[in-house]
**Q** 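Below you will find the structure I want to go over with you.
The basis for the numbers below is simple: all heavy atoms, side chains too, and nothing from hydrogens, waters or symmetry mates. We count residues from 1, following the sequence as given.
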Amino acid sequence: MDLTVLQVFAGGLLVSLASAQFVPSYDKNLAQAEYVPFSNPQPLDTPILGQYGHSPAVLPSPNITGTGGWKDGLEKAKAFLEQLTLEEKADIVTGTQGPCVGNIAPIPRIGWKGLCLQDGPMGIRNADYASVFVSGVSAASTWDRKVLYDRGKAMAQEFKDKGAHVHLGPVAGPLGRNPYAGRNWEGFAADPYLTGVAMEESIKGIQSVGIQACPKHFIGNEQEKQRQPSIPQNLTYDTQVDQESVSSNIEDRTIHELYLWPFVNAIRAGATTVMCSYNRLNGSYACQNSKALIGLLKGELGFQGYVQSDWGATHSGLASIESGLDMNLPGGFSMFGDRWSGTFFGGNITVAVRNGTLPVERLNDMVLRVMTPYFALGQDKNYPTVDRSSVDLNNFTPPDTWVRNFTISGASHRDVRRDHAKLIRQHGADSTILLKNERNALPLEAPKRIFVFGNDAGEVTHGPYNSANFEFGTLAAAGGSGTGRFTTLSTPLQAIQSRVAKDDGIVRFWLNNTLIIGDSAGSDSQIWVYEHPDVCLVFLKNWHEELVERPSLNLDWRANELVEKVASNCNNTVVVTHSGGVNVLPWADHPNVTAILAAHYPGQETGNAIADVLYGTVNPSAKLPYTIAYRQSDYTALPTTSVNTTGPDDWQSYFDEKLEIDYRYFDAHNISVRYEFGFGLSYSTFHLSGTKSVRLAAEGITARPKKQKIAPGGNPALFEPLYEVSSTVTNSGERYGGTVAQLYVTFPNNTPKGTPPKQLRGFQKVFLEKGEFKTATFELMRRDLSYWDVGAQEWVIPQGEFTLSVGFSSRDLRELIKITPLSASN
């Protein structure tokens, strides 16, 4: 294709693709000749794009084939396609104003009712009488496949009952490269393997009830700052920007082994749609990056569904379509102004097809990709209508902005919560991590005098919707599109009061942090010191939010001072934190801080869940999905928060740490940490023994996988099981409880430079009675023992000896064994 003559639509204006920002991720030919890291790039053909790697366009976007179980849905989609006019085809790939967060307009002529897409990853957001589930980071903290599946399924039931077709989640981007990112809590873990398992189980659960899962944000979406371009004041989308979105500059091996890894699991699980992200990727907008959308997602991973844009992440018409984008959302809304100002798709598509600029075959493929999962999941059969109450709650596109006719029928204010409160309570307790427990402070043994401190313990004073960092009230969810609207909320103070009443005890509480610390005149904060509490419970919180980075890794509202004040006067101080991720805990070694619980964002049953753990109704078994360092300055891979120049392309974020994020970084540089990745205590103790491996491959193992037809997720040979590793886990304590056996792989020394010292490659949660033992098993697939060879553009098993370490955290490894997959002749 001659790129000099290809034209693109941009806000109604035609511009040459040759002059557009169209720089996909990697130059395969350059990589095969000589690998050059992006921190030291070759000169670019388009100098204005700055210092990062580039590659030729990967074109064209491949057509859907129906492989991987989609053939029946595809046949129905083809029959549906034959009924459509050109304008109707354009409508199906273009969002519009309507009752849901995202809407595809109905086609009354043929009786099709359109699509409803709803936030978010913690539960359906624009709805009443719906549940708020545990957050992504909470779910990952369970390290429990069943919890992840059950949570996804229960959420999807509520989405479906409210008439939504697409669940905008789960989240693998951000992965958690930097601990300051405002949306890490929506995702799962700062590790690709754990996040990959979480994505896979969540998607299976979601789609088991006929809801489309939408893994997001693809790809390199690791910060909020400058995620959208800056534009001159009072101007809109179709004007010159001041500065483009931040560019995530990631080299080839890193993107495969870290950021693409969990999306592989998502596609392999059958995800129907993928949302591309706001940021640029190596200079090209992620929703217009043909290397990412075509080369990686549709090509290498064999994705059969449709790529939808994040809201306002589309910056061109035909260039984005040719680069692999299938659906523009929200459609006509300008994310940079306060008005509806047209769309890059819609009518521009019909013009482009008629003048021969856009082949109708590409448009047909877009429609087939959208409609195939609709039919494959049975959404054409007796599907619930959109609940009218969701319309009333949708302030993003209220009815007076609608330009298409949406007929809203059926019952309003449907109560879709079922018995999910019980499930959420269990998941909240299962996800609470016990970080410290000295002098057997926990579980509580019916203490008579409990004193509660902190503004996180009581009733929320800011309403049912977490949209601001409110001072008073427990924090069970963070802010942005991933939050939830609470219809009920159990607070820690309520739950504790209920428990203490059964024991004829008393609860005293102080909920104003400032007054407790004693900075206000006339403070009575010292009164409680003389009342000799049995235990002091301190509840702290930390706000996270879409659109902004966290300003600090400390907890909010002078939390550190609060703990020091209470602990200096109470020799049995138990601290509970509600947060979306990493918090440095400078008071963790205080001798009077006897126990610490990290509860993250547990959803609507937060109070009951924490009480279950405090009193031992539930024995904690959760583990950290990230590392807690001693100091904020210990972390690497930080966000780009400012630039000193004003060029349009000056926002650059270089992922120079490459594979060294979270525990991989701390291990590579031998840095001590306070609590390591995978760490978490129990009220019981566990022993591990008898680790062994069994080779599963029937034939000799080759360094490179056999070439097989690509299926969703990639080359099927990559998922061939090569080894089974097993260990015996014994409950050596006095209580029934659970723990997580974890397998880490250390690659041979001749693996290319930059390979982390060890990487998580398996885990299994086991629950045991006192004295009971069970076998934990881990299956190692080819992908688990391979690295991405940039020159060969292939996954390769290195020659030499692997070390397999099994234990209860990344730094509590009890046993190790060696394997050598390749013979000397390979």
Side-chain angles (χ1 to χ4, degrees), residues 68 121 136-149 151-152 169-177 184 186-207 213-222 250 253-271 274-275 277 296-297 300-303 305 623-626 659 661-664 677-678 711-722 740 742-745 756 758-765 778-788 795 810:
V137 68
S138 290
S141 297
T142 69
W143 292 59
D144 190 325
R145 288 172 170 83
K146 185 177 188 301
V147 168
L148 292 160
Y149 179 91
R151 169 181 175 267
V171 174
L175 178 66
R177 171 188 181 243
N184 283 351
E186 295 185 37
F188 293 107
D191 176 79
Y193 186 93
L194 178 53
T195 296
V197 171
M199 293 291 284
E200 188 166 346
E201 294 297 336
S202 298
I203 290 167
K204 287 179 179 177
I206 292 167
Q207 296 192 171
C214 176
K216 60 183 187 179
H217 307 85
F218 191 81
I219 191 171
N221 180 60
E222 296 296 318
I250 316 173
R253 183 181 179 192
T254 298
I255 207 164
H256 277 84
E257 294 190 27
L258 285 187
Y259 302 103
L260 186 65
W261 183 290
F263 284 100
V264 172
N265 292 69
I267 304 310
R268 192 162 179 254
V274 169
M275 182 187 292
S277 54
L296 296 180
L297 187 58
E300 194 173 309
L301 304 191
F303 178 52
K623 303 283 187 176
L624 281 173
Y626 51 76
L659 300 178
I661 67 169
D662 201 73
Y663 71 93
R664 301 156 176 251
F677 176 84
N715 182 351
L718 291 171
F719 309 104
E720 172 193 4
L722 301 184
V740 181
Q742 302 166 37
L743 169 66
Y744 294 83
V745 172
K758 59 179 175 288
Q759 302 176 70
L760 180 70
R761 286 295 185 263
F763 65 88
Q764 184 177 346
K765 194 161 197 175
F778 319 94
E779 185 179 82
L780 288 171
M781 296 182 287
R782 172 176 287 274
R783 181 174 67 144
D784 299 324
L785 299 176
S786 302
Y787 70 93
W788 179 255
W795 290 96
S810 63

**Q** Nearest 0.5 Å, please: how far is CG in L659 from OH in Y787?
**A** 12.5 Å

**Q** Let me confirm one number: the CZ-CE distance from R761 to M781, rounded to the nearest 0.5 Å.
**A** 9.5 Å

**Q** I want to check something: taking the side chain as every heavy atom from C-beta on, are T195 and L175 in contact at a cut-off of under 4.5 Å?
**A** yes

**Q** Starting from the C-alpha separation in whole Å, work towards a yes-or-no answer on side chain to side chain contact (heavy atoms under 4.5 Å, CB included) for V264 and E300.
**A** CA-CA 10 Å; V264 172; E300 194 173 309; over 6 Å; no

**Q** Would V745 and Q759 count as a side chain to side chain contact (heavy atoms under 4.5 Å, CB included) if you check the C-alpha gap in whole Å, the side-chain angles of each, and the deciding distance to 0.1 Å?
**A** CA-CA 5 Å; V745 172; Q759 302 176 70; 5.5 Å; no

**Q** So, using side-chain contact (heavy atoms from CB on, under 4.5 Å) as the criterion, who are the partners of S786 when residues are at least two apart?
**A** R782, W795, I797

**Q** Could you work out, with salt bridge (charged side-chain N to carboxylate O under 4.0 Å, His left out) as the rule, every residue matching E720, not counting sequence neighbours?
**A** none

**Q** Tell me which pairs pass salt bridge (Lys or Arg N to Asp or Glu O under 4.0 Å) where either residue lies in residues 186-198, with sequence neighbours left out.
**A** R183-E186, D191-R664

**Q** Got a sec, which residues hit side chain to side chain donor-acceptor pair (under 3.5 Å) with T142, two or more places apart in sequence or on another chain?
**A** none

**Q** For A269, enumerate each residue passing the side-chain contact (heavy atoms from CB on, under 4.5 Å) test, keeping only those at least two apart in sequence or located in another chain.
**A** E200, I203, K204

**Q** Does any N or O in the side chain of Q764 come within less than 3.5 Å of the main-chain N or O of F778, such that one atom is a donor and the other an acceptor?
**A** no

**Q** Just jot down the side-chain contact (heavy atoms from CB on, under 4.5 Å) partners of A198, sequence neighbours excluded, or say none.
**A** L148, F188

**Q** Please identify each residue that fulfils ring-ring contact (aromatic ring centres under 6.0 Å, His included) with F763, with sequence neighbours left out.
**A** W143

**Q** Take Y626 and V137, measure what side chain to side chain contact (heavy atoms under 4.5 Å, CB included) needs, and give me the verdict at the end.
**A** CA-CA 10 Å; Y626 51 76; V137 68; 4.1 Å; yes

**Q** Could you tell me which residues satisfy ring-ring contact (aromatic ring centres under 6.0 Å, His included) with F218, sequence neighbours excluded, listed by chain and number?
**A** F263

**Q** Are K765 and V147 close enough, and set up right, to give a side chain to side chain contact (heavy atoms under 4.5 Å, CB included), and what steps lead you there?
**A** CA-CA 11 Å; K765 194 161 197 175; V147 168; over 6 Å; no

**Q** To the closest 0.5 Å, what do you measure between CD1 (I219) and OH (Y259)?
**A** 9.5 Å

**Q** At what distance, to the nearest 0.5 angstrom, does CZ of R268 lie from CG of L301?
**A** 12.0 Å

**Q** Mind listing the closest non-hydrogen atom pair of P121 and R151 along with its distance?
**A** O-NH2, 2.8 Å

**Q** Roughly how far, to the nearest 0.5 Å, is the CG atom of N715 from the CZ atom of R783?
**A** 12.0 Å

**Q** For Q207, give me all partners under side chain to side chain donor-acceptor pair (under 3.5 Å), at least two apart in sequence or on another chain.
**A** none

**Q** Not counting sequence neighbours, which residues clear salt bridge (charged side-chain N to carboxylate O under 4.0 Å, His left out) with K758? List them please.
**A** D667

**Q** What heavy-atom pair brings I206 and G152 nearest, and what distance separates the two atoms?
**A** CG1-O, 3.5 Å

**Q** Quick one: side chain to side chain donor-acceptor pair (under 3.5 Å) partners of Q742, sequence neighbours excluded?
**A** Y744

**Q** Identify the heavy atoms of E222 and G176 that sit nearest to each other, and give their distance.
**A** OE1-N, 3.1 Å

**Q** Quick one: are L722 and L785 in side-chain contact, heavy atoms under 4.5 Å?
**A** yes

**Q** Go through the structure and list residues passing side chain to side chain donor-acceptor pair (under 3.5 Å) with S810, not counting sequence neighbours.
**A** none

**Q** If you compare all heavy atoms of S202 against all heavy atoms of P170, which two are closest, and at what distance to 0.1 Å?
**A** CB-CG, 4.1 Å

**Q** Quick one: are Y193 and L743 in side-chain contact, heavy atoms under 4.5 Å?
**A** no

**Q** Donor-acceptor pair, Y663 side chain versus L760 backbone, under 3.5 Å?
**A** yes

**Q** What is the minimum heavy-atom distance between A189 and L194, and which atoms define it?
**A** CB-CD2, 3.5 Å

**Q** Show the nearest heavy-atom pair for residues G196 and N265, with the distance to one decimal.
**A** O-CB, 3.2 Å

